[in-house]
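One structure below.
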Amino acid sequence: MAGRPSRIKLTCMPIQQLPSHLVNQIAAGEVVERPASVVKELVENSLDAGARSIQIDVVSGGQKLIRIRDDGGGIAKDELGLALSRHATSKISSLEDLEAVVSLGFRGEALPSIASVARLSLVSRTGGADAAWQVEADGGEISSARPAAHPPGTTVEVHDLFYNTPARRRFLRTERTEFGHIEKWVRRLALARPDVAFTLTHNRRTALQLAAALSEDQRLQRIARVYGDLFAEQAVHLEHENDGVALSGWIGSPTFNRSQPDMQLWFVNGRSVTDKTLSHAARHAYRDVLFHGRYAAYALHLTMDPAGVDANAHPAKHEVRFRDGRRIHGVVSQAIETALRDTRPGGQPAAPATLTPHSSFEQGAMRLGTRTAPGRHSVAETLAAYRAMASGAPAAAVDGLVEPTDIPPLGYAIAQLSGTYILAENDAGLIVVDMHAAHERILYEQLKRGFEDKAVVRQPLLVPAAVSVAENEATLVEQLQPVLTDVGLVVDRTGPTSLLIREVPALLRDADAEALLRDVLADIAEAGQSNRVEDACHEYLATMACHHSVRANRLLTLEEMNALLREMEVTERADQCNHGRPTWTAITMADLDRLFLRGR
């Protein structure tokens, strides 16, 4: 029949042992996807060898030449040939080593796989050796070792990648695209090991040069080189350890966000990985400070007992598997969420917020009676002048006021603009606050605190909701009944594939109970954890906060405006409203001077 695909006829062949070179080429299909894969494997070998400086030279996007030179421990003469043989490694020797592997490489597949699809040269010298030795591999044939001139360390050269597998070569992209993938991996490895210096050249031109970063400031500079200055300016440093798990690195403030998750890096025990559990934990931590449809940026290192993580879960070692994913999810989510709490004016530990108007203007402004710079009035003087102009009386003298104190991060209010924005002055310049967004965040945090301090109130359904699920999902619900009850869902298994929802959280009594349960099960299947019920309750609280916060065109007194500013300074996550919009911005005097060309 026309248009019907023809069936491929299979020829039965006797079972036979594959040649070793063909075995290596098949393995290369997993290890060597493109030139960037070669760079990744060889640089990881250098890091495992204790290198402190790594030089990466690439020609024609890596298709003609990839050269990796390091100053690591080197390879002894009698081990050079063995290094190019399949499943030969110095990193593990037993099943116990494999179950708690700490090195980046451990299978002994990289070098022989690369050598099977390229012409490879390996030169190395150990620290105590009098000379270096070199071996070469071409078409599966390994030469004998011969003397060479080389400093302590190792150099691997890979020429004509995929020269003997033209079908693989046809799948490579342009030179520029392939080098872009190489540069991406080098930057990722540079963030994984900030203590190592990296140099990357392409066609003899330096593309990236990073000195070793040993101090926190130097590591931040490396972050800036890789992620950009804007990320570094807004990054929040994170250091957290709990339950045998340490999390460190840099997270972008919610105002620094992306249209896609292209700046999200995870390093587990030094290995760059992608993991659904970790990504879900970070997404949950950012849930109510990030604008919908936007993605956070971060580079985070997770350090834990190697026995608790399986690094052999992916052919290219891009993924890992945690033995206790729920615990890891909780530690990571809590650590990031704690760091984000101080994304507010001043960034100091937040005190409980109680929204009670007080005359902070009268008390605070009159304490600030000094001049901040020659010819420039203090905030108190400026405010006194504004009040005097508003009343038609001359401004009160400010000489002889009491000892000055620190001006609050948001300063003191001077006016309201268009019934929407509060204008305030601090010691740096002008502060503009979106009063609705700010008040919304304050109310939301108060509502959340009240919700979390009390046990979840459950609402029995008038008519229990019957839900049909797969048998494995019903079994999962049965196993997780205590967890579901804690978040307000009471679900019984009434058959092999049937469930009955009897109670839901009181805040969600009008929600679709079946859809909520299915979403929870989907989350658990994907990431081993679900915060769907908590998130739904918080969404309801956010709606309440939005509806009850001050609206546009409501005129506030100076006392009310200053009360709002003080509440912002002690409220967690006050830099953003519940929807991720910024609540305030600053315009420094230097910015204003540039705007009006002062000093030119």
Taking it one step at a time, do Ser333 and His284 satisfy side-chain hydrogen bond (donor to acceptor under 3.5 Å, both in side chains)?
CA-CA 7 Å; Ser333 180; His284 177 257; 3.0 Å; yes
About how many Å separate [atom2] of [Y] and [atom1] of [X], when rounded to the nearest 0.5 Å?
X      : Y      : atom1 : atom2 : value
Trp266 : His301 : CH2   : NE2   : 10.5 Å
Leu443 : His439 : CG    : NE2   : 4.0 Å
Asn578 : Glu440 : CG    : CD    : 4.0 Å
Leu417 : Met435 : CG    : CE    : 10.5 Å
Phe267 : Leu189 : CZ    : CG    : 7.5 Å
Tyr421 : Asp434 : OH    : CG    : 5.5 Å

If you take all heavy atoms of [X] and [Y], which pair is closest and at what distance?
X      : Y      : value
Ile431 : Ala586 : CD1-CB, 3.7 Å
His318 : Trp185 : NE2-CZ2, 3.9 Å
Gly61  : Ile182 : O-CD1, 3.6 Å
Gly270 : Ala192 : O-CB, 3.9 Å
Gln218 : Ala212 : OE1-O, 4.1 Å
Ile422 : Ala413 : CG2-CB, 4.1 Å

Between Arg573 and Glu337, is the salt bridge (charged side-chain N to carboxylate O under 4.0 Å, His left out) condition met? List the steps.
CA-CA 10 Å; Arg573 309 173 188 88; Glu337 194 168 352; 3.5 Å; yes
Please name all residues satisfying side chain to side chain contact (heavy atoms under 4.5 Å, CB included) with Leu208, sequence neighbours left out, ordered by chain then number.
Val186, Arg187, Leu200, Leu210, Arg225
Using side-chain heavy atoms (C-beta onward) and a distance below 4.5 Å, is [X] in contact with [Y]?
X      : Y      : value
Leu220 : Arg222 : no
Arg327 : Val245 : yes
Glu319 : Val273 : no
Leu265 : Leu300 : no
Leu230 : Phe256 : yes

Using the rule given for side-chain hydrogen bond (donor to acceptor under 3.5 Å, both in side chains), can you reason through Thr255 versus Gln234, listing the C-alpha separation, both sets of side-chain angles and the distance that settles it, and then say yes or no?
CA-CA 8 Å; Thr255 52; Gln234 302 185 44; 2.7 Å; yes
Less than 4.0 angstrom from a charged side-chain N to a carboxylate O is my criterion; do [X] and [Y] meet it?
X      : Y      : value
Arg193 : Glu44  : no
Arg566 : Glu569 : yes
Asp275 : Arg321 : no

Set of residues satisfying side-chain hydrogen bond (donor to acceptor under 3.5 Å, both in side chains) with respect to Thr177, sequence neighbours excluded
Thr174
Whether [X] and [Y] hold their rings parallel, tilted or perpendicular, with breakpoints at 30° and 60°:
X      : Y      : value
Phe231 : Tyr227 : perpendicular
Tyr286 : Tyr298 : parallel
Trp250 : His237 : tilted

Determine, stepwise, if the pair Glu183 / Val58 fulfils side chain to side chain contact (heavy atoms under 4.5 Å, CB included).
CA-CA 10 Å; Glu183 188 176 24; Val58 176; over 6 Å; no
Derivation and outcome, side-chain hydrogen bond (donor to acceptor under 3.5 Å, both in side chains), residues Glu175 and Asn203:
CA-CA 11 Å; Glu175 177 180 317; Asn203 296 335; 2.9 Å; yes
Identified side chain to side chain contact (heavy atoms under 4.5 Å, CB included) partner of Val570 from the options Glu572, Glu567, Met568:
Glu567
Against Asp575, only a single residue in Asp342, Thr343, Val289 fulfils side chain to side chain contact (heavy atoms under 4.5 Å, CB included); can you say which?
Thr343
Checking Arg258 side chain against Ala297 main chain: does a donor-acceptor pair fall under 3.5 Å?
no
Would Asp288 and Lys448 count as a side chain to side chain contact (heavy atoms under 4.5 Å, CB included) if you check the C-alpha gap in whole Å, the side-chain angles of each, and the deciding distance to 0.1 Å?
CA-CA 11 Å; Asp288 61 3; Lys448 278 201 305 183; 2.9 Å; yes
CA sep, side-chain torsions, deciding dist, call: Gln55, Asp57, side-chain hydrogen bond (donor to acceptor under 3.5 Å, both in side chains):
CA-CA 7 Å; Gln55 170 86 30; Asp57 300 313; 2.7 Å; yes
Trace of the side chain to side chain contact (heavy atoms under 4.5 Å, CB included) decision for Thr338 with Gln334:
CA-CA 6 Å; Thr338 300; Gln334 181 186 19; 4.1 Å; yes
Check the pair Leu302 / Ile328 against side chain to side chain contact (heavy atoms under 4.5 Å, CB included), numbers first and verdict last.
CA-CA 9 Å; Leu302 183 74; Ile328 300 300; 4.0 Å; yes
Please determine which of Lys184, Arg173, Arg34 meets the salt bridge (Lys or Arg N to Asp or Glu O under 4.0 Å) test together with Glu178.
Arg34
